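As the structure is a computational prediction, the values presented were derived from the model and not from experiment. Start at 1 and go down the list; that is how both ligands and their atoms are numbered. The figures here come from the full heavy-atom set of this structure, side chains too, leaving out hydrogens, waters and symmetry mates.
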Amino acid sequence: MRARPASGADRPLPGLPHANLYGMDRETLAGALAPLTSRPFHADQVYHWLYGRNATDIGAMTDLPAALRSALADRFRVAWPEIADVRLSRDGSKKYILKLEDGGEIEAVYIVYGSRVTLCLSSQIGCPLACRFCLTGTMGLVRNLAPGEITGQVSVLAHDNGLARNGYRVVLMGMGEPLNNYDAVLRAFRILVDEKGFGLAPRRVTLSTAGVVPGIERLGKETPRPRLAVSLGAARDALRDDLMPINRKYDVKTLMEACRGFPLAPRERVTFEYVLLDGLNDAPADARLLARLIRGVRAKVNLIPYNEAGVPDFRTPDQDRANRFREALLARGVPATIRWSKGRDIGAACGQLVRGPAGPSPAGMTA
Ligand code: SAH
């Protein structure tokens, strides 16, 4: 293993004298510890304390020699994102507003479906893709998150909710386009699925993209890799161009070719998310088009009825209309579920996440 000098997010921030150990991957830790110890396994131990055992301070790393602990404590700190606010939904979901070291804020959501817990993570502050129905899209991109700011969301939410190791799923479906922050997202993913890290099975992590085709192709070659979800939103170019501007770069045909070429494990499926917008993309003819489009991809469809997000022009379809859409898909052999989003009352549902460098949330976002 070759040591790499600390860089980027690993450097001390102005006003903070110590570099943050949290967020360093194995190689970076090896580089950081090299001047302090001649034993490479010490870096592995620190790695395990940070990501496998949720240690928040160096003093707790009790299997390290005391001298090394104190040398580390002189030079480094362990800092997670800070909880700035938590909003509890009537359905049990919680929206966390997390403050990062540069004052930037992101949102992460704790979601419960029965006994199943899912943590929904952000990959960027804001998002550059500007999908018209999505509130995050109105912010533009502020910046990419560092790997430790992505895994940090898991540490904070798992700790705050007393979650057992392995006792949850992770979806990269919060703020941002994960495939536009590819390297940091994959580095975070590797820490999440590392035995000595968070120890999650790769299939328990899902990455959702609005359709960044080169990223999908690259992801298909990774081992291990997260599961793939693709936000479709429309099955034809004219409408998708309008709703999701990224379609003008990678159109529906190009996107579907990338999905068809995505190598799946036995029994694995690609998930297509399809936001249902009343009167715009939710007619039976749209369902037929969608079913035809998906033919040839082992897939399932998640229908997400539009969540009011403070964006004008769009309405939520009623339940009957959503059910008819689903049945039209099922009748054509496409597995489909309707996901009435959790956390709508606290602005934590799909498309409702918006934080920025600082400042309160926009009007209309909270109940
Ligand atoms: N950028 C990635 C990750 C975000 S996932 C992606 O687009 O896949 C967020 C999901 O919420 C996407 O499927 C998006 O289509 C959906 N969404 C956005 N705004 C929404 C809204 N107002 N109501 C329902 N779903 C919405």
Side-chain angles (χ1 to χ4, degrees), residues 95 106-109 111 118-141 144-145 150 153 170-182 185 205-213 215-216 219 226-235 239-240 242-247 249-250 255 258-259 270-278 280-282 290 299-317 322 325 336-355 362 364-365:
K95 175 164 90 167
I106 49 169
E107 304 195 343
V109 191
I111 305 163
T118 303
L119 307 180
C120 178
L121 312 185
S122 295
S123 55
Q124 300 180 311
I125 305 185
C127 183
L129 297 186
C131 299
R132 277 184 47 211
F133 45 81
C134 178
L135 198 57
T136 308
T138 63
M139 299 175 60
L141 177 66
N144 280 332
L145 296 184
I150 299 170
Q153 299 169 59
V170 165
V171 295
L172 281 148
M173 296 188 185
M175 295 167 63
E177 168 51 51
L179 293 182
N180 280 2
N181 185 16
Y182 192 97
V185 164
V205 182
T206 299
L207 179 156
S208 177
T209 176
V212 178
V213 165
I216 295 174
L219 191 70
R227 295 215 160 178
L228 177 68
V230 175
S231 300
L232 216 42
L239 182 58
R240 200 166 189 271
D242 183 40
L243 293 174
M244 303 177 69
I246 187 153
N247 197 69
K249 199 158 176 192
Y250 309 109
L255 176 58
C259 294
V270 175
T271 300
F272 288 102
E273 296 147 284
Y274 190 95
V275 53
L276 288 170
L277 305 165
D278 188 48
L280 267 183
N281 69 356
D282 67 341
L290 178 59
K300 61 183 175 202
V301 173
N302 255 337
L303 299 168
I304 317 175
Y306 172 68
N307 292 308
E308 306 290 332
V311 186
D313 301 345
F314 300 109
R315 284 189 316 273
T316 313
F325 195 96
T337 50
I338 303 179
R339 199 165 70 197
W340 293 97
S341 288
K342 297 279 180 172
R344 287 157 72 108
D345 56 334
I346 52 166
C350 303
Q352 293 182 313
L353 301 183
V354 57
R355 299 302 292 184
M365 198 184 118

Quiz item: Listed by chain and number, what are the ring-ring contact (aromatic ring centres under 6.0 Å, His included) partners of Y306, not counting sequence neighbours?
Solution: F314
Quiz item: Under 4.0 angstrom from ligand 1, any heavy atom of G174?
Solution: yes
Practice problem: Give the numbers and elements of all ligand 1 atoms closer than 4.0 Å to a heavy atom of I304. | Solution: 24 (C), 25 (N)
Quiz item: In terms of residue, atom name and distance, what is the protein heavy atom nearest to atom 23 (N) of ligand 1?
Solution: N307 N, 2.8 Å
Exercise. Determine whether R132 and D313 make a side-chain contact, defined as any pair of heavy atoms from C-beta on separated by less than 4.5 Å.
Key: yes
Quiz item: Which atoms of ligand 1 sit under 4.0 Å from any heavy atom of E177?
Solution: 1 (N), 2 (C)
Quiz item: Got Q124 and E177 here, is their nearest side-chain heavy-atom distance under 4.5 Å?
Solution: yes
Quiz item: If we only count N/O pairs under 3.5 Å, is Y306 in contact with ligand 1?
Solution: no
Quiz item: Would a 4.5 Å heavy-atom cut-off, applied to side chains only, mark L303 and V301 as touching?
Solution: yes
Quiz item: What part of L135 sits under 4.0 Å from ligand 1 if we count only heavy atoms: the side chain, the backbone, both or neither?
Solution: neither
Practice problem: Out of S123, S122, S208, G233, indicate the one that has the non-hydrogen atom closest to atom 8 (O) of ligand 1. | Solution: S208
Exercise. Give the residue and atom name of whichever protein heavy atom lies nearest to atom 13 (O) of ligand 1, and the separation in Å to one decimal.
Key: S231 OG, 2.6 Å
Exercise. Measure the distance from atom 15 (O) of ligand 1 to every protein heavy atom, then report the residue, atom name and distance (to 0.1 Å) of the closest one.
Key: F133 CE1, 3.5 Å
Self-check item: Non-hydrogen side-chain atoms of L232 and L290 separated by less than 4.5 Å
Solution: yes
Self-check item: S208 side chain reached by S231 side chain, heavy atoms, under 4.5 Å
Solution: yes
Self-check item: From CD (Q153) to CD1 (I106), nearest 0.5 Å
Solution: 3.5 Å
Quiz item: So which heavy atom in the protein is nearest atom 10 (C) of ligand 1, and how far is it from that ligand atom?
Solution: E273 OE2, 4.1 Å
Quiz item: Out of C127, C350, G176, who gets a non-hydrogen atom closest to atom 1 (N) of ligand 1?
Solution: G176
Quiz item: So do the side chains of T271 and V230 get within less than 4.5 Å of each other, counting heavy atoms only?
Solution: no
Quiz item: Side chains of L219 and P226: closer than 4.5 Å at any heavy-atom pair?
Solution: yes
Quiz item: Which residue owns the protein heavy atom closest to atom 18 (C) of ligand 1, what's the atom, and how far is it?
Solution: G351 CA, 3.4 Å
Quiz item: So between R132, M173, M244, whose heavy atom ends up nearest atom 9 (C) of ligand 1?
Solution: M173
